[in-house]
Amino acid sequence: MENAVVLMTCPMSAYLEQELEKRFTLFKLWEFPSKPQFLTRHGDSVKVVVGNTKIGADSELIDSLPRLEIVASYSVGLDKIDLNKCRERGIRVTNTPDVLTDDVADLAIGLALAASRKICPSDEFVRSGLWKNRNFELANKFSGKSIGIVGLGRIGSAIAKRAEAFNCTISYHSRTKKENTNYKYYTNVVDLAASCQILVVSCSLTEETRHIVNREVIDALGPHGILVNIGRGPHVDEQELISALQEGRLAGAGLDVFENEPEVRESFFGLENVVLLPHVGSDTFETSKAMADLVVANLESHFLNKSLITPVV
C-alpha cells in the first residue's frame with residue numbers, strides 16, 4: 001500500500017497530507033510548475049486522486065491517468081468529479097458525508113441569524129465609533145420564522161432540526177417527497193419560496209439544480225425574504241441576486257458559496273444586506289480531521305480489498 005502513488009489536486013488539509021505521506025507516495029499538484037509537466041513525468045504511476053470542491057477529477061485528468069483506481073473527495077460534493085467517466089473506467093469514488101453535516105447546518109443557521117439580525121453591519125457600527133452618536137437600526141427577528149429548505153438530505157434535515165429549536169416552521173422541496181417527515185412538501189421551488197420567509201439552499205449541484213434560484217424564485221421570496229446558500233455557488237443566479245438586493249426586492253442574503261469562487265463579484269462588496277463567507281461550511285478543526293480520517297480510511301480499505309466506507313461509485 002505504501003507504494004501506491006497519490007495525487008492531491010490542491011491544498012486541503014495539512015493533517016491529511018501528513019496522513020497520506022505516512023502510507024503512500026504523495027504528489028502535490030500545486031508544487032509542480034504545470035499540470036502537463038506533472039502528467040508527463042508521473043501520470044502513468046498515479047493510482048489515487050484526492051480532490052475537493054475546488055479541484056476534483058474531470059474527464060481530462062482521468063484520461064491522463066491510465067492506472068487510476070480510485071478518486072477520494074475531501075468533501076461531500078461530487079460536482080468536480082466526472083462520475084460517468086469513472087463508471088466507464090471502473091474507477092471507484094468516495095466522499096465524506098455525515099462527518100460535516102453538523103458544521104454546515106450550524107453555519108446555515110448562523111448565516112440566517114446574521115442576515116436577519118444584521119450582525120455584520122452592527123459589528124462595524126461599533127468598531128467605527130458610530131454608536132457614540134446614535135443607536136443602530138432595527139433588525140428582523142429570526143425565531144418563529146417560516147423556513148423553506150431546498151434539498152432535504154442529510155444537511156437539509158439537520159438545518160430543519162436546528163430551525164425547529166427556534167420555533168420555526170419548516171417546508172421543503174426535493175426531487176421526491178420524503179416519507180419520514182411531516183414537513184410540508186412543495187413540488188417546485190417557486191411555490192416554496194412564496195410560502196416562506198427564509199429560503200435555505202442545501203441540495204446537490206446538478207444540471208437540473210444549476211440556477212435553481214433565479215429571478216422568479218427571488219421575487220417569490222419577496223422584499224422581506226432572506227436567502228441562505230450553503231450548497232454550491234451555481235445554485236443561485238448571482239446577477240439576479242445582486243439586482244434584487246440592490247433594488248430592495250430581497251431583504252438580505254447569507255452566502256458561503258459563490259459561482260466562480262474564490263472569485264467573488266465585486267458588486268456584493270458594497271452591500272450591507274448580504275453576509276459573505278469564504279466557503280467555510282465544514283472548516284472546523286474537528287470536522288477537518290474527521291474528513292481527512294475518512295479519506296484515508298477509504299483508501300486503506302480499497303488497497304486492502306475491503307468494502308469502501310462511503311462508496312459513491
Side-chain angles (χ1 to χ4, degrees), residues 101-122 137-204 209 211-232 235-237 240-241 243-245 247-257 271-277 281:
T101 297
D102 284 341
D103 277 347
V104 178
D106 289 349
L107 194 73
I109 296 299
L111 283 169
L113 280 165
S116 300
R117 296 301 305 271
K118 302 182 180 179
I119 289 175
C120 294
S122 60
E137 62 193 90
L138 294 177
N140 292 297
K141 187 175 181 177
F142 175 71
S143 294
K145 287 291 192 291
S146 54
I147 310 292
I149 300 175
V150 183
L152 199 70
R154 294 182 183 91
I155 294 172
S157 297
I159 294 168
K161 181 179 179 181
R162 284 156 174 75
E164 284 184 300
F166 287 88
N167 293 320
C168 295
T169 57
I170 311 297
S171 55
Y172 73 100
H173 166 75
S174 287
R175 284 174 294 182
T176 57
K177 185 176 181 179
K178 306 296 181 181
E179 299 299 328
N180 57 347
T181 179
N182 292 321
Y183 304 143
K184 186 170 183 179
Y185 173 67
Y186 286 88
T187 58
N188 64 81
V189 181
V190 175
D191 288 345
L192 175 67
S195 75
C196 69
Q197 295 163 297
I198 299 174
L199 185 68
V200 182
V201 183
S202 65
C203 56
S204 299
T209 62
H211 283 192
I212 194 170
V213 177
N214 53 24
R215 185 184 181 101
E216 186 180 9
V217 171
I218 291 169
D219 285 346
L221 188 54
H224 301 293
I226 289 173
L227 174 69
V228 172
N229 188 9
I230 48 81
R232 290 292 181 267
H235 283 136
V236 177
D237 185 330
E240 289 294 345
L241 174 60
S243 296
L245 291 169
E247 297 165 11
R249 291 185 289 110
L250 188 69
L255 308 175
D256 185 45
V257 289
L271 297 173
E272 286 195 351
N273 55 347
V274 61
V275 182
L276 309 173
L277 299 183

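Only a predicted model underlies this, so the values are computations on that prediction, with no experimental measurement involved.
- Considering every non-hydrogen atom in both S116 and I226, the closest pair reads OG-CD1, 3.3 Å.
- Distance check, rounded to the nearest 0.5 Å: NE2 of H173 to OG1 of T176 gives 9.5 Å.
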Review item, side-chain donor-acceptor pairs of residues 212-222, under 3.5 Å, at least two apart:
{"unit_1": "N214", "atom_1": "OD1", "unit_2": "E216", "atom_2": "N", "d": "3.2"}
{"unit_1": "N214", "atom_1": "OD1", "unit_2": "V217", "atom_2": "N", "d": "3.1"}
{"unit_1": "R215", "atom_1": "NH1", "unit_2": "E240", "atom_2": "OE1", "d": "3.3"}
{"unit_1": "D219", "atom_1": "OD1", "unit_2": "R249", "atom_2": "NH1", "d": "2.6"}

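- Side-chain contact between V201 and V257 is absent, with no heavy atoms from C-beta onward closer than 4.5 Å.
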Please table the atom pairs, donor to acceptor, closer than 3.5 Å between any side-chain atom in residues 103-115 and protein atoms at least two apart or in another chain.
{"unit_1": "D103", "atom_1": "OD2", "unit_2": "T284", "atom_2": "OG1", "d": "2.5"}
{"unit_1": "D103", "atom_1": "OD2", "unit_2": "T287", "atom_2": "OG1", "d": "2.4"}
{"unit_1": "D106", "atom_1": "OD1", "unit_2": "R162", "atom_2": "NE", "d": "2.6"}
{"unit_1": "D106", "atom_1": "OD1", "unit_2": "R162", "atom_2": "NH2", "d": "3.3"}

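- If you take OG1 on T181 and CD1 on I170, they are separated by 9.0 Å, rounding to the nearest 0.5 Å.
- Across every non-hydrogen atom of K178 and S174, the tightest pair is CE-OG, 3.8 Å.
- For the atom pair SG (C196) and CG (L227), the distance works out to 9.5 Å, reported to the nearest 0.5 Å.
- Closest of all the heavy-atom pairs between I230 and S202 is CD1-CB, 3.5 Å.
- Residues Y186 and Y172 place their aromatic rings such that the two centres sit no closer than 6.0 Å.
- In this structure, S171 contributes its side chain and K184 its backbone to no donor-acceptor pair below 3.5 Å.
- The minimum heavy-atom distance linking C203 with H235 is given by the pair O-CE1, 2.9 Å.
- Other residues, nucleotides and ligands contribute over 12 non-hydrogen atoms within 6.0 Å of the CD atom of E164.
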List the atom pairs, with distances to 0.1 Å, where a side-chain N or O of residues 138-153 and a protein N or O form a donor-acceptor pair under 3.5 Å, not counting sequence neighbours.
{"unit_1": "K145", "atom_1": "NZ", "unit_2": "K141", "atom_2": "O", "d": "2.7"}
{"unit_1": "S146", "atom_1": "OG", "unit_2": "Q197", "atom_2": "N", "d": "3.0"}
{"unit_1": "S146", "atom_1": "OG", "unit_2": "Q197", "atom_2": "OE1", "d": "3.2"}

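- Contact between T209 and S204 at its shortest, heavy atoms only, is OG1-O, 2.8 Å.
- The nearest pair of heavy atoms linking Y185 to R175 is OH-O, 3.8 Å.
- For the atom pair CD1 (I198) and CD1 (I159), the distance works out to 11.5 Å, reported to the nearest 0.5 Å.
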